[in-house]
There are 2 protein chains.
Amino acid sequence: MTPKAHFAEKLRLAGLRPTRQRVAIAALLLDGRHRHVTADSLTEEITTAGLHVSGGTVYNTLNQFTEAGLLRRVMVHNDYSLFDTNTDHHHHFYEAENDQLVDIPHDGVILAQLPAAPDGHEIKAVDVVIHIQSKNP
Amino acid sequence: MTPKAHFAEKLRLAGLRPTRQRVAIAALLLDGRHRHVTADSLTEEITTAGLHVSGGTVYNTLNQFTEAGLLRRVMVHNDYSLFDTNTDHHHHFYEAENDQLVDIPHDGVILAQLPAAPDGHEIKAVDVVIHIQSKNP
DNA sequence: AAGGCTCTTTAGAATGATTTTAAACTAGAT
DNA sequence: ATCTAGTTTAAAATCATTCTAAAGAGCCTT
């Protein structure tokens, strides 16, 4: 199976029509490497790859991939959106000084006790962000 | 001590010059009630109180109060900033459907094990957000 | 392989929260 | 009362993201 066909199939399974743009972005983001991207950094990657995708489509695609569970949105500040290509259950260190996000392995944080969700609700996800700063002395 | 003097003192202790606007906002936000506000909802409160503070100052003040530790910024989405008047260590339920944020009592979530911070770094804060959704059946 | 229907992409305009600006103002020290 | 640095103001600017209307492309049916 060609790589292109592989990603097209992946998109179909996710309920997304495999357009040229979505396949190209999937090839960049869904190749198994674990990293964090922004609309901006992704656009750079696309350009570097000698391709062009309009800004609106980059945003749409990131949102659609996230909704489809192919990406995960990480909340650390309100400046712009961050997406994690690792959708496995894991948490993050965040260093505000350098706007640096680092994955914490799955077993690095253990939640011994979760509160019950409010009546009529269920837990969808648990996000843990550990804010860190460089030590002074 | 008049209420005004009380809040002025509180601001001085936090390293902020107690201006008319900051004292007014402190009186609204730092009275001990635990709640979540946005720049917008705060502006409404100010108006309801028969006062006026310019938009820029509302934003500046929220940022300054946060930096001074009088408020806490809560990260749940990238649409606008949320501030918590409760600065004690606690976590949140977040229901995206209604953009509803609910405090979890301090002992509701227990982190049994924290990972060590990366070399040369120390942990500044641990934020836990439990995303919830209403149950279908 | 052509037609058609719907979904998608595009460039550019629009939106909206937040920040910046430059001038007017004020808290607090002298 | 006076001075100065910090603050407030209204308005403009910024910037990530979304929206728009028209052009394009999957893909199903002939």
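Order of the sequence lines sets the chain letters (A, B, ...), proteins ahead of strands, with each chain counted from 1.
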Next on the checklist: Can you tell me which nucleotide in dA17(C), dC27(D), dA27(C) comes closest to the side chain of R20(B)?
Outcome noted: dA27(C)
Checklist outcome for this item: Here the distance between atom P of dT17(D) and atom OH of Y80(B), to the nearest Å, is 16 Å
Next on the checklist: Less than 4.0 angstrom between a side-chain N/O of T19(A) and OP1 or OP2 of dT8(C), yes or no?
Outcome noted: no
Next on the checklist: Any non-hydrogen side-chain atom of V74(B) less than 4.5 Å from a side-chain atom of L101(B)?
Outcome noted: yes
Checklist entry - dT15(C) P sits how many Å from D40(B) CG, rounded? => result 17 Å
Next on the checklist: With a 4.0 Å cutoff (strictly under), does any side-chain N or O of N63(A) reach OP1 or OP2 of dT17(D)?
Outcome noted: no
Next on the checklist: Distance check needed: dT9(D) P versus I25(B) CD1, whole Å only.
Outcome noted: 9 Å
Item to check | Atom-to-atom span, CG of L11(A) to P of dA25(D) - whole angstrom | outcome: 18 Å
Checklist entry - What nucleotide among dT18(C), dT8(D), dT10(C) has an atom nearest to a side-chain atom of R22(B)? => result dT8(D)
Checklist entry - Side chain of S54(A): nearest nucleotide among dC27(D), dT9(C), dG28(C)? => result dT9(C)
Checklist entry - So, do H121(A) and Q133(B) sit near enough that their side-chain heavy atoms are less than 4.5 Å apart? => result no
Item to check | L51(B) CG - dT9(D) P separation (whole Å) | outcome: 11 Å
Next on the checklist: In this structure, how many angstroms lie between the C1' atom of dT8(C) and the CD atom of E67(A), rounded?
Outcome noted: 16 Å
Next on the checklist: Are H34(A) and H36(A), when compared by the centres of their aromatic rings, separated by less than 6.0 Å?
Outcome noted: no
Checklist entry - Reckon S81(B) has a side-chain N or O less than 4.0 Å from the OP1 or OP2 of dA17(C)? => result no
Checklist entry - Picking from dT18(C), dT9(D), dG28(C), which would you name as closest to the side chain of Y59(B)? => result dT18(C)
Checklist entry - Taking OP1 and OP2 of dA10(D), is either one under 4.0 Å from a side-chain nitrogen or oxygen of H52(B)? => result yes
Checklist entry - F83(B) CZ to dA17(C) C1': how many Å, rounded? => result 11 Å
Item to check | 5′-ward residue of the pair Q21(B)/L82(A) relative to DNA chain D | outcome: Q21(B)
Checklist entry - Which residue lies toward the 5' end of DNA chain C, Q64(A) or P18(B), if each is placed at its nearest nucleotide? => result Q64(A)
Checklist entry - With sugar-phosphate meaning primed atoms plus P, OP1 and OP2, does D79(B) contact a base, only sugar-phosphate, or nothing at under 4.0 Å between heavy atoms? => result sugar-phosphate
Checklist entry - Taking atom P of dA17(C) as reference, at what distance in whole Å does atom NE2 of H77(B) sit? => result 11 Å
Checklist entry - Does K124(B) pair with E97(A) as a salt bridge, N-O distance under 4.0 Å? => result no
Checklist entry - Heavy atoms under 4.0 Å, any strand shown: does N60(A) hit a base, just sugar-phosphate, or nothing? => result nothing
Checklist outcome for this item: Closest of dT17(D), dG6(D), dA17(C) to the R17(B) side chain is dG6(D)
Checklist entry - Short question: side chain of T38(B), backbone of S81(B) - any donor-acceptor pair under 3.5 Å? => result no
Item to check | Pair D84(B)-H92(B), side-chain donor/acceptor within less than 3.5 Å | outcome: yes
